[in-house]
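Accompanying notes for the structure given below.
Every heavy atom of this structure was used, including side-chain atoms; hydrogens, water molecules and symmetry mates were not. Every number for a ligand or one of its atoms is a count from 1 in the order of the listing.
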Amino acid sequence: MLAIEQYTRRLLKDFYPIIAANRPPVDPAPEGGERDRYVRGAGGLVTGLSGLAQATGAVWVASIRDGFEELGVGGGGEPMMVATGDGSRYQVSWVNPPRLAYDLYYNTIANPLFWFVQHYLWNLAEAPILDDSTHRAWDEGYRRVNQLFGQHVIREARRGRKRPLLLSQDYHLYLVPRIVRRELADAVIQHFIHIPWPTPQYWKVLPRYMRDEIMDGLLACDIVGMQTSSDVRNFLLTCEENMGLPVDFRLQTAFYRGRTVWVRRYPISIDVREFERVAASPAVERAEREILRWRPEQLIFRVDRMDLSKNIVRGFFAYERLLQAHPEWRGRVVFWAMLQKTRQTVPEYREYARQVIQVARVINSRFGSQAWQPIRLELREDINRAVAGYKQFDVLLVNPIYDGMNLVAKEGVTVNRRGGALVLSENAGTHEELGEWALTINPFDVDSTAQALHQALLMDPVERHARAEKMREVVQQNDVARWISAQLQDIRDLIEPMAARQPELAQESF
Ligand code: F6P
């Protein structure tokens with residue numbers, strides 16, 4: 001990160017950068033002592049942004065989530081320096097919404113409603129049913145927490161002596177850009193959306209006032225950042241069809257309230273060098289030795305939060321079909337699923353976790369024997385063990401229904417040592433970059449997913465290695481440093497007046 005850090009600092013020397021995201025960059029350490037109370041937070045958003053935060057020295061405005069109060073973290077004060085055991089340091093400014101407001105924002109609007117709309121998860125014949133409680137959650141939860149975040153950002157921006165640069169994130173904070181723009185007309189605002197942007201028609205599941213306010217919020221930005229070209233197109237179509245705005249698909253701009261808003265694709269990625277360092281660490285090597293004691297001839301692997309969008313149950317059904325159609329694999333292959341419970345405050349997630357465990361049990365009792373269990377289900381969060389699994393897989397299954405990017409695919413192909421194959425959903429954002437060398441599946445079709453698994457297991461090793469190498473190269477070239485520099489370069493090129501440019505920076509690229 002060193003080169004990108006220097007580059008970023010120079011590029012942003014006239015700005016006061018602020019990141020706003022629901023999640024902080026750190027989580028409380030599971031068995032933390034006085035000195036290592038925090039670990040790097042989970043999920044793709046933190047993976048991408050922690051590099052950006054460290055490179056820019058930005059203040060990170062985030063919610064206080066469960067587990068933080070015990071660490072004495074309080075909202076509303078000065079930013080506080082937080083360090084993790086691996087030496088990363090972040091300046092965090094905590095927003096502390098009232099419990100009920102946070103619950104309505106996170107557990108009623110952001111996760112069940114927006115997450116479901118943006119991943120096309122509803123069975124529309126039955127759900128959602130929107131009623132007064134939804135409208136109340138919008139007013140007293142989502143709007144209120146966004147308001148708190150907005151005020152926090154404004155206060156933070158006024159502390160800095162330079163022009164504020166707000167990098168707000170994701171579906172939790174759609175209203176923040178407008179709240180900030182109202183007070184700070186000259187701020188540069190970029191909002192990045194980590195999850196898919198669906199078609200204008202699908203947005204119409206939401207009541208008009210809600211979707212209009214979301215668009216009004218986002219269109220207060222200078223730049224709206226997206227993961228894929230299809231997200232960019234859908235966003236522009238939404239501006240045109242749902243808002244009646246003039247848009248330019250070639251320049252990727254929308255015009256709103258007399259301003260031009262740029263809509264750009266920045267596929268998020270991983271810190272390749274850092275990830276390779278972790279893969280070579282003694283802790284990962286220890287985990288690998290343990291895996292080598294039980295790994296079969298062929299190992300199918302997946303790592304996921306138990307999120308409905310990850311399509312874990314259909315992945316098991318596909319594997320069941322494989323064992324049915326090709327009994328020759330029984331006893332020779334294991335499907336290792338390393339899963340983490342997530343959002344257990346949302347009923348749909350609790351039910352999904354139950355279903356995943358149940359289906360794995362049924363398949364194991366149908367095909368398993370004393371000597372062999374077809375599915376190895378591990379419910380745990382253990383980065384070292386996950387990376388050891390990445391090194392050891394023969395086939396990595398990434399079959400989401402829809403996914404903004406999916407960093408598991410990028411992490412897996414970066415450190416795998418066996419020329420492993422990637423079976424990849426055409427609806428994962430990462431398919432735009434890796435699809436050519438992966439085995440592409442329709443995530444709903446369990447029979448063709450079974451065939452893809454079979455094909456991957458049988459693939460000629462020369463071809464498998466060649467594909468794996470190509471995928472590794474793509475991720476290496478487009479790692480997180482490029483994600484950061486592409487955004488900052490656009491901020492400079494699109495927003496800053498030509499005269500303010502520094503010619504020497506134009507020579508550099510990442
Ligand atoms: O962008 C989606 C995301 O915010 C990712 O960072 C992460 O995979 C997940 O959602 C985390 O969700 P939560 O913060 O609700 O646990």
Side-chain angles (χ1 to χ4, degrees), residues 19-28 39-53 60-68 92 94-95 97 102-121 141-142 145 149 167-174 176 191-198 218 224-228 231 266-271 302-312 338-350 352-353 381 383 386 398 400-411 427-430 480 483:
I19 291 171
N22 181 57
R23 245 185 190 272
V26 294
D27 280 333
V39 290
R40 155 99 73 85
L45 180 146
V46 170
T47 305
L49 285 173
S50 52
L52 185 80
W60 187 312
V61 178
S63 296
I64 299 184
R65 292 162 56 108
D66 284 348
F68 280 96
V92 185
W94 300 97
V95 181
Y102 188 83
D103 179 54
L104 296 171
Y105 147 90
Y106 188 80
N107 293 321
T108 304
I109 301 292
N111 284 320
L113 202 56
F114 293 176
W115 184 273
F116 274 50
V117 166
Q118 294 196 235
H119 292 85
Y120 299 89
L121 289 179
Y142 195 81
V145 175
F149 260 90
L167 301 163
S168 49
Q169 309 294 318
D170 235 352
Y171 57 102
H172 309 90
L173 303 181
Y174 284 148
V176 167
H191 190 97
F192 187 81
I193 299 165
H194 294 253
I195 63 176
W197 191 269
L218 286 173
V224 177
M226 302 272 170
Q227 300 274 28
T228 69
D231 297 326
Y266 308 110
I268 198 168
S269 194
I270 59 168
D271 183 341
R302 81 173 303 148
V303 188
D304 278 306
R305 289 185 305 110
M306 273 201 265
D307 194 295
L308 288 80
S309 66
K310 303 294 178 185
N311 207 21
I312 299 163
M338 194 172 160
L339 307 175
Q340 299 90 47
K341 284 198 174 170
T342 180
R343 301 179 186 163
Q344 292 299 293
T345 41
V346 180
E348 285 89 341
Y349 281 76
R350 286 202 296 275
Y352 191 64
E381 184 153 5
I383 176 74
V398 177
I401 290 172
Y402 285 94
D403 210 338
M405 179 51 57
N406 197 297
L407 293 184
V408 164
K410 293 189 174 184
E411 290 170 349
N427 298 335
T430 187
V480 74
W483 182 70

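Of the possible donor and acceptor atoms, one in the side chain of Asp307 sits under 3.5 Å from a partner among the backbone N and O of Ser309. Not one N or O on the side chain of Arg305 forms a donor-acceptor pair closer than 3.5 Å with the backbone of Gln340.
Rounding to the nearest 0.5 Å places OH of Tyr352 at 9.5 Å from CG of Leu121.
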### Message
Leu308 vs Phe116, test: side chain to side chain contact (heavy atoms under 4.5 Å, CB included). Steps then yes/no.
### Response
CA-CA 9 Å; Leu308 288 80; Phe116 274 50; 3.8 Å; yes

### Message
Between Asn111 and Tyr349, does the side-chain hydrogen bond (donor to acceptor under 3.5 Å, both in side chains) criterion hold? Intermediate values first, please.
### Response
CA-CA 10 Å; Asn111 284 320; Tyr349 281 76; 5.3 Å; no

### Task
Could you walk me through whether Val303 and Glu411 pass side chain to side chain contact (heavy atoms under 4.5 Å, CB included), step by step?
CA-CA 11 Å; Val303 188; Glu411 290 170 349; over 6 Å; no

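Residue-level contacts of ligand 1 at the 4.0 Å heavy-atom threshold are Arg23, Gly43, Gly44, Leu45, Arg65, Tyr106, Trp115, Asp170, His194, Ile195, Arg305, Arg343.
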